[in-house]
Participant: 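For reference, the structure I am asking about is given below.
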Amino acid sequence: MAQCQWIENTYSVTSWTADLPTSVILCPSGGPQVWNTGTMDWFYVTGATTQDPPWRMLFANLCSNQWEITGPVWSYTASAGDAIYNYDNCQLEQGKEVFWDYSGGVVVDTAERDLVRDEGPGYHVTNYFWWKVVHNQGGGGVG
Amino acid sequence: MGTLATLLSLTVAFGAQGPVDARPDFQVRDLIVATSDKKVVDQLWPAFKLSMSVGDLKKLLPSDRFVIRTWGSQGVVALDRRLGVIAEIQQGVDVAKALAKFGGSGLAARIGDLSDGDRSAICDYLNGVAPTETRQDGFDLKDGAVGLDAQVSVTLKDPVSGKVVQIGLPQNNDATRHRNELLAKMPIPLRTIPPGEADRFTKQGMERSVAVGDVEFHVFGLGRRTLPEGLRVAADLIAEVEKDLNSKRARAAHDLVKLLGLDDSLPSTANSVNDLPKSLRDELTASLTENWRAWGLGSPQEAESLLANSNSIGVTTWLGICQCQDPGNPAMHKPGSFRSDLFIAFQGGSLP
């Protein structure tokens, strides 16, 4: 009886950086603003609809982790009309592995797993927290 | 801004008046000085003499600091270029011109490497938005780096609920990533500020903010006789100088937009999301539907509804200075911290 053998057939990971917004603070009146921001980073594996073959679960357990990242406390004295945008500059990855089950030299089954989480990228690691204040110009924009 | 509002009301009430041509020297009887600097007033009170010549008055009010406008038979208006509303726009022009030179240096530069004029413009701005004392003790601003940053802001309004949502679309490309790396190597670090001190900085910030809107008129000689006409001339002069500076700032902003490779023809308003250029529409749609929580919306459906129904849309490209406050430590999963101050607005279409 031929031995079942799962072999990775294709593997691809795409990686990019993004500035994901986390919150916006509108300042209708002038005054002090004190705030901080945070986000959840993760490296998580999902995608298989069953736990078979067993390595799916092993891989998920090995790689599943997430941790909350908290940024510093910022303060800023706003003018009326200012807007403060908070961003999470992060590294994202999304990937897919496809496996073939060879049995007796013949492909009898296929499986794949995605590096995804909540239909989003499967890997999210924060590089920087970024706050951007758009200063009210009183008379509005120019140009 | 209350004083400015009063000033604008006066302008409307008195109607517009064209510029008064400079005339040969004459004896000054009516003088109105627009300034918020008490020292100017204190020095001028004993020096001003009724019927002194315009030429002698100009020696007291040098042209690099004051814009002089003659009016009526014996009137003079002097506008202080350091008046908050004027100085703020001038600062925008100066900083924009400095930032326009960052193109060949990866959109960032060490402050100490800038020319004297550019360094002064950048440092004045940075010290204005964040007091020196908020930085790490002993840190010399010359050792830090600043960069050029931009984001497109889109304002959407739900016609039914009246809810206004402001979306920021920052730049993220190879050039900005390279800039971030440069900034992270030369951060402008913050220090931990005790609560008592923080209150003091807050108070200073409030005072500075209020001072920008201050417009004071000081009347000398027999100026009270002709106050309405004098104020009208002064208001027109402020508006004229402001318009000229706004035009310069718009051109400087346009240069920055081109330098960053941004679209300089985005409409400033639209009646529907469908009226926006496709690339902006796609970016806006993705940000709203994927990050609806961050934009203060309750659900993806609310985001879709907002996109479908907004009929009053504003688009502005904001430009300004960015800096790294903490480079973080990637190996320890400690993120860094960056700040941007975006204060130069560019709205597409024809320049003034």
Side-chain angles (χ1 to χ4, degrees), chain A residues 16-28 30-34 36-39 41 65 67 69-91 119-121 125-143, chain B residues 1 4 85 88 129 149 151 153 166-168 170 172 177 180 184 190 193 198 201-202 204-206 208-210 212-213 242 246-247 249-250 253-254 268 287 290-291 294-296 316 318 320 322 324-326 328 330 333 335-349 351-352:
Chain A
W16 70 101
T17 62
D19 289 303
L20 300 181
T22 56
S23 65
V24 59
I25 304 168
L26 302 180
C27 310
Q33 297 284 342
V34 179
N36 76 340
T37 187
T39 187
D41 283 4
N65 57 61
W67 58 95
I69 302 291
T70 305
V73 175
W74 290 305
S75 64
Y76 168 70
T77 306
S79 296
D82 286 354
I84 302 166
Y85 296 82
N86 293 288
Y87 296 98
D88 167 16
N89 177 287
C90 55
Q91 190 73 26
E119 298 178 355
V125 172
T126 302
N127 301 318
Y128 313 120
F129 287 112
W130 200 310
W131 63 284
K132 303 190 180 204
V133 55
V134 169
H135 293 264
N136 171 41
Q137 295 290 301
V142 295
Chain B
M1 297 299 282
L4 180 59
V85 288
E88 187 185 50
V129 294
D149 193 27
Q151 82 167 19
S153 291
Q166 289 181 227
I167 312 296
N172 192 311
R177 282 190 288 279
N180 296 348
L190 295 175
I193 300 169
F201 295 137
T202 297
Q204 285 175 357
M206 295 288 282
R208 189 186 65 83
S209 179
V210 170
V212 168
E242 203 171 356
N246 273 331
S247 177
R249 185 168 62 177
H254 187 240
S268 56
S287 185
E290 291 169 14
N291 308 298
W295 300 127
T316 303
W318 287 96
C322 59
C324 174
Q325 297 180 314
D326 176 5
H333 295 296
S337 169
F338 280 64
R339 167 183 180 163
S340 290
D341 288 275
L342 304 171
F343 60 100
I344 306 165
F346 179 78
Q347 290 179 322
L351 287 170

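The chains referred to below are lettered A, B, ... by the order of the sequence lines, with proteins before strands, and numbering in each begins at 1.
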Participant: With a 4.5 angstrom heavy-atom cut-off, is it the side chain or the backbone of Ser75(A) that approaches chain B, or both, or neither?
Facilitator: neither

Participant: Could you give me the CA-CA distance, side-chain angles and deciding distance for Asn180(B) and Tyr128(A), then say whether side chain to side chain contact (heavy atoms under 4.5 Å, CB included) is met?
Facilitator: CA-CA 10 Å; Asn180(B) 296 348; Tyr128(A) 313 120; 4.0 Å; yes

Participant: Looking at CZ of Phe129(A) and CG of Asp326(B), how far apart are the two atoms once the value is rounded to the nearest 0.5 Å?
Facilitator: 11.0 Å

Participant: Kindly compute the distance separating CD1 (Ile84(A)) from CG (Leu342(B)), expressed to the nearest 0.5 Å.
Facilitator: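 Reported to 0.5 Å precision, the distance equals 12.0 Å.
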
Participant: Where does Trp16(A) contact chain B at under 4.5 Å (heavy atoms): side chain, backbone, both or neither?
Facilitator: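 The answer is neither part of Trp16(A).
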
Participant: Between Cys90(A), Ala18(A), Gly71(A), who has the most heavy-atom pairs with chain B when the cutoff is under 4.5 Å?
Facilitator: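 The residue among Cys90(A), Ala18(A), Gly71(A) with the greatest pair count is Ala18(A).
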
Participant: Can you name the salt bridge (Lys or Arg N to Asp or Glu O under 4.0 Å) partners of Asp341(B), sequence neighbours left out?
Facilitator: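 Arg339(B).
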
Participant: Need one label for Glu290(B): side chain, backbone, both or neither, based on atoms under 4.5 Å from any heavy atom in chain A.
Facilitator: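 Neither the backbone nor the side chain of Glu290(B) comes within 4.5 Å of chain A.
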
Participant: Trp130(A) versus Pro170(B): any side-chain heavy-atom pair under 4.5 Å?
Facilitator: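 No, too far: nothing below the 4.5 Å cut-off.
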
Participant: Locate the shortest heavy-atom distance separating Ala294(B) from Pro21(A); write the atom from each residue and the value.
Facilitator: CB-O, 3.2 Å

Participant: Pick one of side chain, backbone, both or neither for Asp149(B), based on which atoms fall under 4.5 Å of a heavy atom in chain A.
Facilitator: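 For Asp149(B), side-chain heavy atoms alone lie under 4.5 Å from chain A.
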
Participant: Heavy-atom distance under 4.5 Å to chain A: side chain of Cys324(B), backbone, both or neither?
Facilitator: neither

Participant: Please lay out, stage by stage, how Val134(A) and Gln166(B) fare under the test side chain to side chain contact (heavy atoms under 4.5 Å, CB included).
Facilitator: CA-CA 11 Å; Val134(A) 169; Gln166(B) 289 181 227; over 6 Å; no

Participant: With Asp19(A), which residues qualify under salt bridge (Lys or Arg N to Asp or Glu O under 4.0 Å), at least two apart?
Facilitator: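 Scan of Asp19(A) (salt bridge (Lys or Arg N to Asp or Glu O under 4.0 Å), adjacent residues dropped) gives none.
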
Participant: Let me confirm one number: the CG-CG distance from Asn291(B) to Leu20(A), rounded to the nearest 0.5 Å.
Facilitator: 6.0 Å

Participant: Can you tell which part of Asp88(A) gets under 4.5 Å to a heavy atom of chain B, answering side chain, backbone, both or neither?
Facilitator: neither

